[in-house]
Amino acid sequence: MQEAIIGSILSAMATGAGAIPILFFKSVTHKWRDVLLAYTAGIMMAASTFSLIPQALESSNMIVLTIGLLLGTFVLNFLEKHTPHIDLEHTKLNMKLEQKAVLIVAAITLHNLPEGLSVGVSYASDGGELGPLIAFAIGLQNAPEGFLVALFLVNQNISRWKALAVATLTGMVEIVTAIIGYFLSRNIEGLVPYGLSFAAGAMLFIIYKELIPESHGDGNERFSTYSFILGLVTMLVMINSFGG
């Protein structure tokens, strides 16, 4: 349990750590933004396909895996459809600053719920190395997300320190959902493989629906592709080195 809490805290705090550069500058080129998004997509792709899915299959079967994958996809689809999806760099909504900031915080916070569950369920699985690997993958994905949230807030004339604080808080929900995922998986027999495959489905949805399209939206497809592959290789090295 202690390892799960520590892992979820470190993963969640990566959101705030990623926002720290906002204290020093207020802009980032589209190219670097796309490269970062593609890199995290590669990290998450390897984590889901080479860690979560094999572990779920090892402790269950294809039926359980399929149910979990579809459930994770449907839940993320529901959240995406029923929370405001705002382009952090091209927002042209005609509404007050306070409302805009609240929408951003709400959307990002809800988006982080399944990521926390992924970490908690991974620590509850029999594969002792899986939890740290998934926490690492989610943490890397959280870092650029935190920076983009803080960048949006600063560009809306919110102070840099306040933007950093808000970006950090959006990741804190992952600690709560990680603990919930850990306790549910530990106390309900047979839930772990469903949880692992649910996490994989949720991550694959984020990769294909959000990260890859956003990283290809400004004419940087080639650099983003290289970055995606580099992220994939990075996670494979981690899995091979520490995953047994």
Side-chain angles (χ1 to χ4, degrees), residues 1-20 40-41 43-48 50-53 55-56 59 68 71-72 75-76 79 105-150 164-188 191-207 210-211 231 234-235 238-239 241-244:
M1 179 60 188
Q2 184 178 359
E3 290 184 0
I5 294 176
I6 294 174
S8 63
I9 290 175
L10 292 176
S11 177
M13 289 299 292
T15 307
I20 289 177
T40 60
I43 289 283
M44 294 178 71
M45 178 66 77
S48 58
F50 295 102
S51 286
L52 291 172
I53 290 176
Q55 188 70 31
S59 55
L71 186 59
V75 169
L76 261 293
L79 290 176
V105 173
I108 296 298
T109 301
L110 287 174
H111 175 80
N112 285 339
L113 290 175
E115 296 176 4
L117 286 172
S118 302
V119 175
V121 172
S122 299
Y123 272 100
S125 68
D126 292 333
E129 75 287 341
L130 186 60
L133 285 172
I134 299 304
F136 173 79
I138 296 297
L140 283 181
Q141 188 268 334
N142 283 341
E145 181 179 272
F147 175 74
L148 293 175
V149 171
L164 174 61
V166 172
T168 302
L169 288 173
T170 61
M172 291 300 99
V173 67
E174 292 186 13
I175 300 174
V176 178
T177 53
I179 294 173
I180 292 173
Y182 180 88
F183 271 113
L184 288 177
S185 299
R186 279 296 188 184
N187 293 291
I188 300 178
L191 185 63
V192 168
Y194 285 100
L196 293 175
S197 51
F198 174 92
M203 291 173 71
L204 290 173
F205 182 92
I206 293 171
I207 294 164
E210 300 291 339
L211 297 180
T234 300
M235 194 61 195
M238 294 289 295
I239 294 171
S241 300
F242 305 106

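If you take OH on Tyr182 and OG on Ser8, they are separated by 11.0 Å, rounding to the nearest 0.5 Å. The OG atom of Ser59 lies 6.0 Å from the CG atom of Leu196; values are rounded to the nearest 0.5 Å. For the atom pair Leu164 CG and Phe147 CZ, the distance stands at 11.5 Å (nearest 0.5 Å). Rounding to the nearest 0.5 Å places CZ of Phe136 at 10.5 Å from OG of Ser11. Atom CE of Met13 sits about 7.5 Å away from atom CD1 of Ile175, to the nearest 0.5 Å. In this structure, CE in Met44 is found 6.0 Å from CG in Leu211, a value given to the nearest 0.5 Å.
For the residue pair Ala19 and Ala150, the shortest heavy atom distance occurs at CB-CB, 3.8 Å. The two residues Ala124 and Ser185 make their nearest non-hydrogen contact at CB-CB, 3.5 Å. Closest non-hydrogen pair, Ala56 versus Pro193, comes out as CB-O, 3.7 Å. Across Ala202 and Leu76, no two heavy atoms sit closer than the pair CB-CD2, 3.3 Å. Across all non-hydrogen atoms, the minimal contact from Ser51 to Ile239 is OG-CD1, 3.3 Å. Shown here for Ser122 and Leu52, the closest heavy-atom pair between the two residues is OG-CD2, 3.6 Å.
Partners of Thr234 according to the side-chain hydrogen bond (donor to acceptor under 3.5 Å, both in side chains) rule, which considers only residues two or more places apart in sequence or in another chain, are Tyr39. Partners of Leu10 under the side chain to side chain contact (heavy atoms under 4.5 Å, CB included) rule, at least two apart in sequence or in another chain, are Ile6.
With a 4.5 Å cut-off on side-chain heavy atoms, Leu204 and Met45 count as touching. For the pair Thr15 and Met172, the minimum side-chain heavy-atom distance is 4.5 Å or more.
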For side chain to side chain contact (heavy atoms under 4.5 Å, CB included), just list the numbers for Phe198 and Val121, CA-CA rounded to whole Å, side-chain angles, deciding distance to a tenth of an Å, and then say yes or no.
CA-CA 10 Å; Phe198 174 92; Val121 172; over 6 Å; no

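Checked by atom type and distance alone, the side chain of Ser197 pairs as donor or acceptor with a backbone atom of Tyr194 at under 3.5 Å.
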